[in-house]
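Index from 1, following the sequence. Everything quoted here is computed from the prediction, not taken from an experiment.
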Amino acid sequence: MMVNTDSPGACGYPTRLEGTLQFGIDTFNIDNNLTAFFQAISVMTPENTVGKLAEAKEYVLGARASAASAAASLLRWDVSCTECIGICPVMPYDLNSLDAAAERLH
């Protein structure tokens, strides 16, 4: 499904192939980082708090980087974009919230 494109060539190979692969990697990494974040928090004790908070921050930063990459994909639908294919769903991740979470994890 190609939508809103003024440049059909932009929607062909390698955009579809590389874009689909990168989008899949990004969403996989978001899920893995957020799962690891919750695992690190769930095993936090008074003795390991500092280390687990440092781990948690790295996982949030990893999720944030992958979410930003996925949000910038040429495959994403954006009504202002003239070189998008528009096959990927809306990203449910709030980049500002991920930034705020990383900032609070010192």
Using the rule that two of Ile, Leu, Val, Met, Phe, Trp, Tyr join whenever any of their side-chain heavy atoms come within less than 4.5 Å, decide whether [X] and [Y] are in one cluster.
X: Phe37; Y: Leu61; answer: no
X: Phe28; Y: Tyr59; answer: no
X: Val60; Y: Ile41; answer: yes

Is it the case that the side chain of [X] and the backbone of [Y] share a donor-acceptor pair, with hydrogens and angles ignored and the cut-off at 3.5 Å?
X: Ser66; Y: Ala63; value: no
X: Ser69; Y: Ala65; value: no
X: Asn33; Y: Ile30; value: no

Taking every non-hydrogen atom, the tightest pair across [X] and [Y]:
X: Ala68; Y: Leu95; answer: N-CD2, 3.8 Å
X: Lys52; Y: Val43; answer: CE-CG2, 3.7 Å
X: Leu105; Y: Lys57; answer: O-CD, 2.9 Å

ILVMFWY cluster membership beyond Leu21 - transitive side-chain contacts under 4.5 angstrom: Ile25
Euclidean distance, [Y] [atom2] relative to [X] [atom1], rounded to 0.5 Å:
X: Arg104; Y: Asp99; atom1: CZ; atom2: CG; result: 11.0 Å
X: Glu58; Y: Leu53; atom1: CD; atom2: CG; result: 12.0 Å
X: Met44; Y: Gln39; atom1: CE; atom2: CD; result: 13.0 Å

Pairing residues for Asn32 by the side-chain hydrogen bond (donor to acceptor under 3.5 Å, both in side chains) criterion, not counting sequence neighbours: none
